[in-house]
Amino acid sequence: MSCCSSSAAGVLPAEDVTRRYGKWRAPDEDKAKLYHRTQHAHHDFFDLWSSRVRDLKEFGVGHMMYFYFLRWMAVLFALLTIITAVPNMALNYTGKYYDTGQMELLSLGNFGRVSVVHNGDGAAHLYSNTSLEVGWERELLTATTFIADAELPPATHPINKAHALAAMSLLDCFSVALYFAVTLLIIWKARKLAYDADMHTVTIHDYSIHVERLPQDATADELVDFFGQYGEVVHVEVVRAYGRLVRLVLQHGQLLRQLQGATAALQREAQLWEEVPVAKEAACYRFKEEIDRISQEIEAEQSQADSHRVVGAFVTFKDEAGKLACLKAQPHSRMRQWWSLKQQHKLRGRHALDVTGAPEPSDVQYENMEHGGFDRFLRAALVAACSYSALAVGFVLISLASAMRYNLPQVAGLSSSSCGEGCRLADATGALSLTDADRELYKACTTGTAPNGTACSEEESSCYKCFCYKAISNGMLSESVYCSGLAGLLVLQAGSQVATVLVILIINSLLAYSSRLLTVCEKHHTRSSEARSLAWKLFMAQFLNSAVSTIIANAHLPFLAHALDGTAADGLFFQGIYTDLTPNWYKVVGRSLVISQFVAALLRATNLPTRWLTVKWRYWHRAECLTQHQLQESLQGPEFTLDQRYGEHLNVIYVSMLLSGGMPICYMTAAFWFATAYWCDKAELLSVSRRPITYSADLSNMVLNLLPFAAVLHMGFALWAFSIFGVPRSAIITDAFAALVLRICTATSVVWANAGSMTPQQAAQRLLAGGSAHLLVAAIVIVGVLFLKVTLSNWIKSGRWLLNMAGAIEDNEEAELSGVPEFPVAVHTQLLVGEASYAIQEQPSYAAAFARTEDAVEDVLVQVVMKRGAEKLAGNDAKAGLKQLSPRQARANQILPIAPEYLAAARAADNSAAAGDGEER
């Protein structure tokens with residue numbers, strides 16, 4: 001380049017840069033604040049404490065329903081905490097099975113055996129007099145011992161333990177029944193609130209329909225004439241296959257902002273220093289060349305705009321009656337269209353159309369409209385495969401953390417034969433314990449010499465490791481100081497749980513990020529459907545990773561472990577030892593799950609102050625902004641989206657309900673989660689974030705419909721957790737019902753028989769015991785109600801479809817007028833909420849790319865096109881010729897609309913701005 005040769009050091013004189021590009025103009029802070037007020041006007045109208053939830057319908061039905069959901073869940077879990085969690089945790093604490101511990105002291109594992117009064121000696125009594133290696137044999141011995149208590153009289157400390165167990169299980173049964181009933185009530189209430197909000201809110205959706213299966217050459221005038229038979233049409237927006245064009249225009253807008261920033265940085269440096277690196281000027285022209293390339297592609301796409309196939313249209317009627325008349329005359333059922341649709345209701349007399357109620361304009365993703373159903377189905381299948389792969393990675397990491405814990409024998413160099421008869425590891429009661437003399441002897445013998453100077457025997461040399469191995473593995477943390485010589489065991493025992501918690505939190509964060517990227521690839525037509533897909537993916541991914549993967553990785557599944565024998569994965573996967581919900585399961589697996597939930601709740605509570613500080617930090621550093629766009633962005637708050645939030649909330653509900661039967665503290669963590677989520681999210685929406693996009697009620701309806709199914713998971717876990725305690729058969733169980741349960745256990749034994757030595761008779765005995773029989777009955781009732789709810793709704797839908805196909809009923813969902821005024825009246829009186837058109841350039845998400853104003857293309861940016869610097873750097877006559885353009889003409893060339901009619905509108909707006917001597921539009 002010629003200007004590069006002007007300086008051997010690769011710099012340009014500052015005066016040359018200023019002469020070619022002009023002086024840097026500081027961004028207009030008043031204009032930026034005005035733009036900020038347009039995006040954050042709700043901050044001045046809504047107060048955090050006085051604003052009611054129903055007032056939030058200003059942001060759309062979806063946001064109103066979201067905060068109702070948070071409030072309902074916070075109240076529900078607070079009630080469950082008071083009614084069930086607090087008394088059950090108190091009874092569990094009195095069991096004193098563990099010698100030391102944390103939150104597991106409040107779990108069902110601390111209740112201990114029904115026939116024994118414990119005093120922190122539960123594990124010591126069980127394992128001291130056995131030569132079994134620490135592993136699944138030990139856990140099987142625990143389960144067998146607990147179940148055998150049914151043949152022994154219950155202990156009393158401080159009350160009859162059998163009665164205490166029955167009281168806890170009854171409280172748990174009541175809590176899940178309350179949860180189930182309340183969630184069904186919430187579903188009904190939410191539908192009513194959404195309906196009332198929709199009836200009292202006027203949007204363009206009330207007047208508009210979405211039309212698909214149009215001929216590829218359909219025109220707007222043709223559609224106006226066709227739909228005019230149902231009512232007066234005020235506007236038709238034809239949507240063509242403009243996906244590539246929309247993406248190019250959005251990319252063009254990003255490049256313009258980057259070029260604007262590079263030019264401003266070049267001008268600013270020329271004001272501060274005497275010389276400017278050539279690289280900064282070259283960067284401007286790299287952006288310019290890329291913009292020229294994108295512009296040529298856009299022009300090529302625009303030249304073929306009319307030839308792009310029509311993929312749909314949005315038709316807006318003058319009044320709501322026209323819309324309803326159209327929906328009534330245009331059946332959605334293709335069978336009915338083929339059977340009974342008259343020729344006058346077919347476009348051109350032969351095209352049956354797919355007509356549905358239109359979504360809100362801000363909900364439409366125009367760049368995805370060209371993707372049909374089959375294409376989106378293939379994309380969804382590919383995304384599902386990628387999601388499962390991500391879950392597999394999470395399972396691998398969790399399994400490795402578990403395998404690290406279960407490799408304690410290899411670290412200690414022990415086996416079951418290491419603990420011989422020469423080791424005195426138990427006291428007179430059989431508890432794992434050492435006398436003071438043996439403590440001194442065994443620790444000294446690790447060096448081979450006894451305290452008296454004599455040589456230690458082979459058995460005595462291994463007794464220290466043997467004792468510490470059993471004590472640490474059984475969670476006897478009181479022996480940590482004595483066993484400090486085996487630091488490897490202590491690190492593995494503690495580090496494995498820390499690693500499990502960290503892996504769960506990290507994988508959940510990665511899943512949230514990857515799920516969003518994968519959902520975008522599915523090319524949903526509306527943001528609501530994309531939000532539903534993301535919320536579902538995120539919920540399933542985090543729930544499977546947070547709970548299911550952790551439980552499976554720690555479960556004893558020999559049939560799966562043997563399948564990996566001789567492979568590279570041998571000894572890494574399916575090495576769990578827990579055959580049942582034993583006290584050690586709560587101490588190791590349950591505690592990890594609860595800690596991860598509690599840490600996640602604390603981290604989420606920091607989101608609000610973190611985002612507030614981020615906004616303030618950007619505001620305090622606004623002086624560093626070089627362009628108007630940078631300044632405006634520095635004043636903007638974060639976006640407030642619901643999809644990821646709903647996914648996280650569903651995960652908390654399902655994990656809490658799953659574990660709360662054995663670990664009632666989960667009710668408390670869930671109540672804390674939803675209480676903080678309600679106030680923090682409300683404060684973020686009303687005081688920090690920009691105005692959110694509008695969500696329909698579809699997302700909240702999907703989430704609410706999933707809530708009752710968490711009760712089924714709870715009943716399955718609680719039933720097995722309470723049944724491990726040996727108590728006689730419940731008096732409410734009849735012989736016929738007991739025989740039925742036995743037959744079911746026998747038929748299903750092939751599924752679970754390999755996990756332990758339990759017979760079908762023993763399994764039936766557990767299910768029918770006094771502490772679990774009523775849970776079994778409640779589970780049957782809940783499953784039956786859900787089955788009827790799901791199947792009846794499907795049968796009703798099938799019946800409606802048959803009646804609709806026969807013409808007996810209409811299939812439109814909006815069967816009555818809501819009383820909204822005519823569309824022009826609603827617009828004129830400002831009753832209309834949201835956008836008043838389906839034109840893409842009028843939507844906030846696309847406006848910046850389709851309506852370039854002086855703010856988007858500064859005069860200093862135009863200088864890059866006009867000045868002779870282009871001629872000097874590139875030597876391109878074509879670029880040099882652009883200096884003939886006026887600044888306003890050059891800006892007009894940057895207006896890149898999606899269709900010719902938008903180009904005319906943009907030019908008219910530009911002419912209007914020119915008439916106003918450059919004033920703001």
Side-chain angles (χ1 to χ4, degrees), residues 39 56-67 69 194 197-198 201 203-206 208-210 212 237 239 242-243 246-247 249-250 311-312 314 356-373 375-376 379-380 383 512-539 636-650 681 685 689-704 833-850 898:
Q39 300 295 317
L56 302 182
K57 69 179 180 181
E58 165 70 19
F59 305 103
V61 178
H63 285 85
M64 182 188 71
M65 297 309 304
Y66 172 73
F67 283 99
F69 163 77
D198 184 64
T201 304
T203 66
I204 192 174
H205 151 79
D206 296 319
S208 304
I209 59 172
H210 180 215
E212 294 182 294
E237 186 70 22
V239 181
Y242 288 142
V246 173
R247 289 188 290 271
V249 172
L250 294 177
V311 297
F314 295 99
T356 57
E360 299 293 346
S362 62
D363 197 24
V364 180
Q365 302 200 105
Y366 291 87
E367 65 271 27
N368 296 339
M369 298 296 288
E370 63 186 67
H371 296 277
D375 178 38
R376 288 184 285 119
R379 288 175 175 271
V383 166
Y513 178 75
S514 63
S515 296
R516 184 173 294 277
L517 293 180
L518 292 173
T519 303
V520 171
C521 296
E522 292 179 337
K523 302 299 181 183
H524 293 271
H525 287 182
T526 63
R527 289 181 173 84
S528 293
S529 62
E530 184 176 280
R532 290 195 303 271
S533 178
L534 176 58
W536 171 256
K537 286 184 181 63
L538 191 58
F539 155 60
Q636 297 304 298
E639 293 185 358
F640 191 90
T641 57
L642 300 184
D643 39 26
Q644 182 171 337
R645 286 177 166 86
Y646 266 129
E648 293 173 348
H649 297 328
L650 276 175
D681 285 359
L685 174 64
S689 70
R690 65 187 73 178
R691 184 177 181 88
I693 63 172
T694 302
Y695 286 90
S696 66
D698 294 342
L699 178 59
S700 61
N701 289 337
M702 183 204 76
V703 172
L704 294 176
V833 177
E835 292 75 21
S837 171
Y838 282 92
I840 184 174
Q841 77 275 19
E842 296 184 15
Q843 309 311 316
S845 301
Y846 302 93
F850 290 97
I898 194 171

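Hydrogens, waters and symmetry mates are skipped; everything else that's a heavy atom, side chains included, is used. Just so you know, residue 1 is the first one in the sequence shown, and it goes up from there.
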Less than 4.5 Å apart, any side-chain heavy atom of [X] and any of [Y]?
{"X": "Gln644", "Y": "Leu538", "answer": "yes"}
{"X": "Gln39", "Y": "Gln636", "answer": "yes"}
{"X": "Asp206", "Y": "Thr203", "answer": "yes"}

Output, in order, the C-alpha distance, side-chain angles, deciding distance and verdict of side-chain contact (heavy atoms from CB on, under 4.5 Å) for Ile209 and Phe314. CA-CA 6 Å; Ile209 59 172; Phe314 295 99; over 6 Å; no
Nearest heavy-atom neighbours spanning [X] and [Y]:
{"X": "Leu642", "Y": "Gly62", "value": "CD1-O, 3.7 Å"}
{"X": "Ile204", "Y": "Ser837", "value": "CD1-N, 3.7 Å"}
{"X": "Tyr838", "Y": "Tyr366", "value": "O-OH, 2.6 Å"}
{"X": "Pro359", "Y": "His210", "value": "CD-CB, 4.5 Å"}
{"X": "Ala535", "Y": "Tyr646", "value": "CB-CB, 4.2 Å"}
{"X": "Arg645", "Y": "Asp681", "value": "NE-OD2, 3.4 Å"}

Which residues share a side-chain hydrogen bond (donor to acceptor under 3.5 Å, both in side chains) with [X], sequence neighbours left out:
{"X": "Ser700", "result": "none"}
{"X": "Glu367", "result": "Tyr846"}
{"X": "Glu522", "result": "His524, Ser533, Lys537"}
{"X": "Thr519", "result": "none"}

Can you list everything that forms a salt bridge (charged side-chain N to carboxylate O under 4.0 Å, His left out) with [X]? Sequence neighbours excluded, please.
{"X": "Glu648", "answer": "Arg604"}
{"X": "Arg379", "answer": "Asp375"}
{"X": "Arg691", "answer": "Glu58"}

Which residues pass the side-chain contact (heavy atoms from CB on, under 4.5 Å) test with [X], sequence neighbours left out?
{"X": "Asp643", "result": "Arg516, Ala531, Leu534, Thr641, Tyr695"}
{"X": "Leu518", "result": "Val383, Cys386, Ser387"}
{"X": "Glu370", "result": "Ala241, Arg309, Val311"}

Verify side-chain hydrogen bond (donor to acceptor under 3.5 Å, both in side chains) between Tyr66 and His649, making sure each step is shown before the conclusion. CA-CA 11 Å; Tyr66 172 73; His649 297 328; 3.0 Å; yes
Rounded to the nearest 0.5 Å, what separates atom CD in Glu842 from atom OG in Ser362? 13.0 Å
Distance (rounded to the nearest 0.5 Å) between Lys57 NZ and Met64 CE: 7.0 Å
Hydrogens and angles aside, do Asp363 and Ser528 bring a side-chain donor and acceptor to less than 3.5 Å of each other? yes
Under the rule for ring-ring contact (aromatic ring centres under 6.0 Å, His included), what residues qualify as partners of Phe640, not counting sequence neighbours? His63
For Glu530 and Gln365: C-alpha separation, side-chain torsions, deciding distance, then whether side-chain hydrogen bond (donor to acceptor under 3.5 Å, both in side chains) applies. CA-CA 10 Å; Glu530 184 176 280; Gln365 302 200 105; 3.1 Å; yes
Are the side chain of [X] and the backbone of [Y] linked by a donor-acceptor contact shorter than 3.5 Å?
{"X": "His205", "Y": "Ala358", "answer": "yes"}
{"X": "Asn368", "Y": "His525", "answer": "no"}
{"X": "Arg532", "Y": "Met702", "answer": "no"}

